[in-house]
Amino acid sequence: METQVLTPHVYWAQRHRELYLRVELSDVQNPAISITENVLHFKAQGHGAKGDNVYEFHLEFLDLVKPEPVYRLTQRQVNITVQKKVSQWWERLTKQEKRPLFLAPDFDRWLDESDAEMELRAKEEERLNKLRLESEGSPETLTSLKKGYLFMYNLVQLLGFSWIFVNLTVRFFILGKESFYDTFHTVADMMYFCQMLALVETLNAAIGVTSSPVLPSLIQFLGRNFILFIIFGTMEEMQNKAVVFFVFYSWSTIEIFRYPFYMLSCIDMDWKVLTWLRYTVWIPLYPLGCLSEAVAVIQSIPVFNESGRFSFTLPSPVKMKVRFSFFLQVYLVMLFLGLYINFRHLYKQRRRRYGQKKKKLH
């Protein structure tokens with residue numbers, strides 16, 4: 001008669017350089033843990049779901065790992081750490097696509113790829129700071145100054161966009177639709193200030209003050225300021241249109257959740273409600289904001305055609321007139337292409353953070 005192989009419950013998580021496995025076995029004796037030909041072999045006597053027995057399992061990893069696993073025994077579990085040969089993010093743990101029944105994510109240590117990158121950069125930054133302090137012998141004033149600077153920047157932006165949001169909301173409840181048509185003249189000065197100040201975010205990323213990628217910050221800065229300074233700022237006919245209200249309202253609504261999230265991160269605070277809003281509020285607001293910007297561009301095309309502003313004629317021998325509306329049409333295509341790319345990326349981030357936990361509950 002063939003003896004049934006008992007497998008324990010195993011939970012896993014990863015970072016770019018390491019894999020973490022937590023084996024649910026208590027009172028473990030005589031553990032045999034090894035890696036051969038990229039396969040983790042585990043066998044031990046312990047108390048698990050089937051009582052006191054010998055439990056074992058085998059896992060063939062998705063990519064190459066170093067053959068020296070490190071493990072630590074506690075009264076309730078066995079913690080195993082495996083080093084990846086190449087520092088990279090894996091889409092799953094095992095080579096086989098179907099997840100073994102005994103394997104599940106370890107949500108106590110789980111991070112999505114973007115958060116793991118932030119953690120990795122934070123550790124690298126901490127290591128470099130320690131080396132710098134050891135070599136220079138200076139106090140940790142630079143780190144404190146940087147955190148204070150970032151905290152104040154995010155606070156100023158939060159106050160500015162909150163003022164815009166509250167102003168637009170109150171005026172709408174008092175005046176109704178009539179408030180739409182003088183939005184620009186009411187809050188434009190504050191919006192100019194906040195959007196010009198947003199250049200600081202791109203500069204911070206470029207010089208390494210923050211670990212954020214430069215390109216997304218630069219694209220948002222240029223896109224919003226194109227709408228604000230060119231579409232609205234240069235054409236008085238556009239400043240009295242209702243679309244200005246919807247563009248400004250969508251921008252300010254997004255930012256009153258984004259800036260406090262970053263502000264609290266500067267002082268190592270994590271407010272779960274705010275984190276959830278940061279990963280969720282973009283679902284309705286980001287497409288609505290892009291749609292509002294697209295409507296503004298479409299409405300501006302006949303205005304720019306009629307005025308001839310920013311249009312020009314090519315020199316001889318071509319002598320062809322190039323209307324600014326041509327560039328606006330190109331911008332529309334880029335706007336919706338950016339919407340698709342960013343929406344897909346943001347949805348993937350949110351699904352990694354919250355989707356797997358929901359699956360576990362069912």
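Remember, predicted model here, so these are calculated numbers, not experimental data.
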With a 4.5 Å cut-off on side-chain heavy-atom distances among I, L, V, M, F, W and Y, is there a chain of contacts connecting Tyr20 to Trp110?
no
Would you check if Met235 and Ser307 make a side-chain contact, meaning some heavy-atom pair closer than 4.5 Å?
yes
Got Arg99 and Thr94 here, is their nearest side-chain heavy-atom distance under 4.5 Å?
no
Side-chain heavy atoms under 4.5 angstrom apart, residues restricted to Ile, Leu, Val, Met, Phe, Trp, Tyr: same cluster for Leu6 and Leu40?
yes
To the nearest 0.5 Å, what is the distance between CD1 on Ile35 and NE2 on His41?
9.0 Å
What is the distance from atom CD of Glu60 to atom OG1 of Thr36, rounded to the nearest 0.5 Å?
12.0 Å
Nearest 0.5 Å, please: how far is CD1 in Ile267 from CZ in Phe151?
5.0 Å
Go through it in stages, so that I can follow the logic: the residues are Arg258 and Glu201, the test is salt bridge (Lys or Arg N to Asp or Glu O under 4.0 Å), and I'd like the CA-CA distance, side-chain angles, deciding distance and then a yes or no.
CA-CA 13 Å; Arg258 188 168 72 96; Glu201 293 181 45; 3.3 Å; yes
Hey, is OH on Tyr192 packed in by over 12 heavy atoms from elsewhere, all under 6.0 Å?
yes
Distance in Å, Leu274 CG paired with Phe257 CZ, rounded so as to fall on 0.5 Å steps
8.5 Å
Using side-chain heavy atoms (C-beta onward) and a distance below 4.5 Å, is Ile230 in contact with Phe324?
yes
Just by distance, do the side chain of Arg92 and the backbone of Lys95 share a donor-acceptor pair under 3.5 Å?
yes
For Phe326, is the CZ atom crowded, meaning more than 12 foreign heavy atoms sit under 6.0 Å from it?
no
Test your reading of the model: is there a side-chain donor-acceptor pair from Ser250 to the backbone of Leu285, 3.5 Å cut-off?
no
Membership question, hydrophobic clusters at under 4.5 Å side-chain separation (ILVMFWY): are Leu203 and Val209 in the same one?
no
Please examine the side chains of Leu197 and Tyr153, heavy atoms only from C-beta on, and report whether any two atoms are closer than 4.5 Å.
yes
Are more than 12 heavy atoms from other residues, nucleotides or ligands located less than 6.0 Å from atom NE2 of His9?
no
Does atom CD of Gln75 have more than 12 heavy-atom neighbours from other groups under 6.0 Å away?
no
Under 3.5 Å, is there a donor-acceptor pair between the Ser325 and Asn305 side chains?
yes
Taking C-beta and beyond as the side chain, do Leu59 and Phe102 meet within less than 4.5 Å on heavy atoms?
yes
Do Leu199 and Asn225 have side chains that approach each other closer than 4.5 Å (heavy atoms only, starting at C-beta)?
no
Identify whether the distance between the nearest side-chain nitrogen and carboxylate oxygen of Arg224 and Glu255 falls below 4.0 Å.
yes
Using the rule that two of Ile, Leu, Val, Met, Phe, Trp, Tyr join whenever any of their side-chain heavy atoms come within less than 4.5 Å, decide whether Phe184 and Val303 are in one cluster.
yes
Would you check if Trp251 and Ile227 make a side-chain contact, meaning some heavy-atom pair closer than 4.5 Å?
yes
Return yes if some donor-acceptor pair links the side-chain N/O of Asn38 with the main-chain N/O of Asp63 below 3.5 Å, else return no.
yes
Joint hydrophobic cluster, Leu288 plus Leu228, side-chain heavy atoms closer than 4.5 Å
no
So do Pro302 and Glu306 actually touch side chain to side chain, heavy atoms under 4.5 Å?
no
Is there a donor-acceptor contact under 3.5 Å linking the side chains of Tyr149 and Asn204?
yes
Taking atom CE of Met152 as the centre, report whether more than 12 heavy atoms of other residues, nucleotides or ligands fall under 6.0 Å from it.
no
Can you list the steps and then say if Phe172 with Phe180 is a ring-ring contact (aromatic ring centres under 6.0 Å, His included)?
CA-CA 8 Å; Phe172 173 73; Phe180 292 171; 5.8 Å; yes
What's the verdict on ring-ring contact (aromatic ring centres under 6.0 Å, His included) for Tyr55 and Phe42, showing C-alpha distance, side-chain angles and the deciding distance?
CA-CA 8 Å; Tyr55 292 84; Phe42 177 94; 8.9 Å; no
Flag yes if more than 12 heavy atoms outside Leu101 fall under 6.0 Å of its CG atom; otherwise flag no.
no
Gap between atom CG of Asn154 and atom CG of Leu150 - 0.5 Å precision
6.5 Å
For Glu24 and Gly48, indicate whether the former's side chain and the latter's backbone hold a donor-acceptor pair under 3.5 Å.
no
Donor-acceptor pairs under 3.5 angstrom involving side-chain atoms of residues 64-74: please list them, not counting sequence neighbours.
| unit_1 | atom_1 | unit_2 | atom_2 | d |
| --- | --- | --- | --- | --- |
| Thr74 | OG1 | Arg76 | N | 3.4 |
| Thr74 | OG1 | Gln77 | N | 3.1 |
| Thr74 | OG1 | Gln77 | O | 3.0 |

Please report the interatomic distance CG(Leu19) to CD(Gln83), rounded to the nearest 0.5 Å.
8.5 Å
Evaluate whether atom CH2 of Trp271 has more than 12 neighbouring non-hydrogen atoms of other residues, nucleotides or ligands under 6.0 angstrom away.
no
Could you note down all residue pairs passing salt bridge (Lys or Arg N to Asp or Glu O under 4.0 Å) where residues 233-246 supplies at least one of them, sequence neighbours left out?
none
Out of His16, Gln14, Arg17, which residue meets the side-chain contact (heavy atoms from CB on, under 4.5 Å) rule with Lys84?
Gln14
Taking the ring centre of each residue, are Phe107 and Tyr11 less than 6.0 Å apart?
no
